[in-house]
Asker: 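The structure under discussion is supplied below as structure tokens; questions concerning it will follow.
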Amino acid sequence: DAGVTQSPTHLIKTRGQHVTLRCSPISGHKSVSWYQQVLGQGPQFIFQYYEKEERGRGNFPDRFSARQFPNYSSELNVNALLLGDSALYLCASSWGSYNEQFFGPGTRLTVL
Amino acid sequence: KNQVEQSPQSLIILEGKNCTLQCNYTVSPFSNLRWYKQDTGRGPVSLTIMTFSENTKSNGRYTATLDADTKQSSLHITASQLSDSASYICVVSESSYKLIFGSGTRLLVRP
């Protein structure tokens, strides 16, 4: 069974640009959560989606948005990138909102 | 404010030795507590999950304890191996979908 997959692995952008990160959950999982992990810190919760609906949102500005598709894959979009958005972006999937989350390898975003 | 604090921030031990990592939390309401292992630049991998009623849980050489009264948890690693070098993150779940992560303890196991 394939685990959670994320693409791209690495990404370099400049300030003001827009970025889209993608996540495919484990087969059968209906919930996807997104986290931002700045170097040296623990992950911070951004969004959770379940059955294509937003279930929760962390303390992130409106520049951050996400969606979940009918096949349960998900995209995280970040507009007007800032230097401080440089981080490892983690996606986690679970069967339901309250079940154990399995993490993907992450996308390393660098904003110059 | 819901917080998870871990100590020490970093730790160096010799291969074969044991070590204990600490986690204190102020998260309320409390659903469960998890310990994750995260290799550099990779996603976290779950080691243990404990609910309110569980005091201890083991996964091979990893043993986690939970004292829900004092809101403390520990992760004990026995007979450490070089592959144990990683960050160990304590995560507390509110009674919802939201996970509160600690900043982690960076463990380095030396030969």
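The sequence lines fix the lettering, A, B, ..., with proteins before strands; numbering per chain opens at 1. This one's a predicted model, so the numbers in the text were calculated from it and none came from an experiment.
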Asker: Can you find a side-chain donor-acceptor pair between A:Tyr35 and A:Gln101 that sits under 3.5 Å?
Answerer: yes
Asker: Could you have a look at A:Cys91, A:Pro43, A:Gly104, A:Ala92 and say which one has the most heavy-atom pairs with chain B under 4.5 angstrom?
Answerer: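 So the answer, after comparing A:Cys91, A:Pro43, A:Gly104, A:Ala92, is A:Pro43.
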Asker: In Å and rounded to the nearest 0.5 Å, what is the SG to CG distance from B:Cys90 to B:Leu33?
Answerer: 4.0 Å
Asker: Non-hydrogen atoms of chain B under 4.5 Å away: do they reach the side chain of A:Gln44, the backbone, both or neither?
Answerer: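 For A:Gln44, no heavy atom lies under 4.5 Å from chain B.
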Asker: Assess whether side-chain hydrogen bond (donor to acceptor under 3.5 Å, both in side chains) is satisfied between A:Ser86 and A:Thr110, documenting all intermediate values.
Answerer: CA-CA 5 Å; A:Ser86 295; A:Thr110 301; 5.4 Å; no
Asker: Using non-hydrogen atoms only, which part of B:Gln38 is less than 4.5 Å away from chain A: side chain, backbone, both, or neither?
Answerer: side chain
Asker: Answer yes when A:Arg57 and A:Asp62 have at least one side-chain N-carboxylate O distance shorter than 4.0 Å, and no when they do not.
Answerer: yes
